[in-house]
Amino acid sequence: MLLGTVVFGVLAGYALARLRFRGRGTLFMLVLLVQVIPFQLLLIPLYVLIVRGYGLADSYLGMILPFAINTTAVFIFRQFFLQLPDDLFAAARLDGAGEVRVLWSVALPLVRPALLTAVLLTFIGPWNEFLWPFLVTKEAGMQPLAVSLANYISTVSARAANPFGAILAGACVLAAPAVGLFIAFQRQFVSTDLGSGVKG
């Protein structure tokens with residue numbers, strides 16, 4: 001999921017920021033429009049398509065597909081690519097570099113904060129997602145931690161003498177990966193010195 005989001009976000013963000021083609025502005029408006037639509041409005045069509053159409057109930061692929069492409073990541077990468085100096089891209093193209101080489105060798109090394117931000121946001125959203133995994137999974141072994149914790153609170157905790165310890169432990173485990181990622185990469189969430197790549 002993270003790989004698909006980052007790869008598609010980088011390619012789409014670079015195309016919307018640096019390539020000139022007809023309908024670029026309209027396409028970007030559609031990206032923004034998708035962000036405005038609440039995910040809950042898409043649950044029924046997604047359920048019919050993924051569960052009934054493709055038969056992906058109780059599967060990891062069925063849980064991943066709705067989150068494989070993230071328009072927030074596209075928007076983040078586009079804004080970062082727009083901030084890069086035009087002289088860097090012009091110099092690379094004068095040296096004979098194609099668009100893929102320009103993206104890989106020039107643009108990507110300078111947008112590390114965008115990569116980390118997109119990874120963190122993309123991870124936190126699906127990791128804490130409850131409604132979609134609850135709809136597509138029935139087997140307890142396939143359910144993510146958020147759904148399992150909710151099931152424990154509604155069923156097992158009613159019969160336990162002191163359920164609060166287990167509930168708090170589950171909540172800490174649920175929050176730990178996101179907190180750990182932020183602590184590990186907090187120094188990287190700074191602006192890159194873009195001017196260092198341009199002389200004069």
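Bear in mind that the values here come from a model prediction, so they are computed numbers and not experimental data.
Clustering ILVMFWY residues whenever any of their side-chain heavy atoms sit less than 4.5 angstrom apart, transitively, puts Phe130 in a cluster other than the one holding Leu174. Follow the hydrophobic side-chain contacts under 4.5 Å out from Leu19 and you reach Leu108 in the same cluster. By the criterion of side-chain heavy atoms lying less than 4.5 angstrom apart, applied directly or through intervening Ile, Leu, Val, Met, Phe, Trp or Tyr residues, Phe134 is not grouped with Trp132; the two fall into different hydrophobic clusters.
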Only pairs under 3.5 Å count here: list side-chain donor-acceptor contacts from residues 97-106, not counting sequence neighbours, and write none if there are none.
residue : atom : partner : partner atom : Å
Glu99   : OE1  : Tyr14   : OH           : 2.7
Glu99   : OE1  : Arg93   : NH2          : 3.2
Glu99   : OE2  : Arg93   : NE           : 2.9
Glu99   : OE2  : Arg93   : NH2          : 3.3
Arg101  : NE   : Ser105  : OG           : 2.8
Ser105  : OG   : Arg101  : O            : 3.4

Return a table of donor-acceptor pairs under 3.5 angstrom between the side chains of residues 141-149 and protein atoms on other chains or two or more places apart.
residue : atom : partner : partner atom : Å
Gln143  : OE1  : Asn151  : ND2          : 2.8
Ser148  : OG   : Pro144  : O            : 3.2

Check residues 59-74 and write down every donor-acceptor pair under 3.5 Å in which the side-chain atom is one partner and the other belongs to a residue at least two apart or another chain.
residue : atom : partner : partner atom : Å
Ser59   : OG   : Leu56   : O            : 2.6
Ser59   : OG   : Gly62   : N            : 3.1
Asn70   : OD1  : Thr72   : N            : 2.8
Asn70   : OD1  : Thr72   : OG1          : 3.3

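Residue pairs meeting the salt bridge (Lys or Arg N to Asp or Glu O under 4.0 Å) criterion with at least one member in residues 115-141, sequence neighbours excluded, do not occur. For residues 17-27, every residue pair satisfying the salt bridge (Lys or Arg N to Asp or Glu O under 4.0 Å) rule, not counting sequence neighbours, is listed here: Arg18-Asp86.
Contacts of Pro38 classified as side chain to side chain contact (heavy atoms under 4.5 Å, CB included), with partners at least two apart in sequence or in another chain: Gln40, Leu41. Val7 meets the side chain to side chain contact (heavy atoms under 4.5 Å, CB included) test with Leu3, Leu11; sequence neighbours excluded. Gln79 is linked by a side chain to side chain donor-acceptor pair (under 3.5 Å) to nothing, counting only residues two or more places apart in sequence or in another chain. Under the side chain to side chain contact (heavy atoms under 4.5 Å, CB included) criterion, Leu32 pairs with Phe28, Met29, Gln35, Phe75, sequence neighbours left out.
Applying the under-4.5 Å side-chain rule to Ile, Leu, Val, Met, Phe, Trp and Tyr, the cluster around Ile183 extends to Val179. In the hydrophobic clustering, Leu168 connects to no other residue, as no ILVMFWY side-chain heavy atoms lie under 4.5 Å from its own. Hydrophobic cluster membership of Val34, counting Ile, Leu, Val, Met, Phe, Trp and Tyr whose side-chain heavy atoms lie under 4.5 Å apart directly or via other members: none, as it forms a cluster of its own.
Under the 4.5 Å side-chain criterion, counting only non-hydrogen atoms from C-beta, Phe80 is not in contact with Leu84.
Put simply, CD1 on Ile37 and CZ on Phe39 are 12.0 Å apart, with the number rounded to the nearest 0.5 Å. Put simply, CZ on Phe89 and CG on Leu94 are 13.5 Å apart, with the number rounded to the nearest 0.5 Å. Distance check, rounded to the nearest 0.5 Å: CD1 of Ile50 to CG of Leu135 gives 11.0 Å. Taking CG of Leu116 as the reference point, atom CD1 of Ile76 lies at 11.0 Å (rounded to 0.5 Å). Annotation: the span from Leu43 atom CG to Leu131 atom CG amounts to 5.0 Å, rounded to 0.5 Å. In this structure, Leu82 CG and Leu16 CG are separated by 9.0 Å, a value rounded to the nearest 0.5 Å.
Pro177 and Trp127 get closest at one heavy-atom pair: CG-CZ2, 3.6 Å. Nearest approach of Ala17 to Phe81, heavy atoms of both residues: CB-CB, 3.6 Å.
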Quiz prompt | Leu110 vs Leu88, side chain to side chain contact (heavy atoms under 4.5 Å, CB included): CA-CA, chis, key distance, verdict | solution = CA-CA 11 Å; Leu110 295 175; Leu88 291 175; 3.5 Å; yes
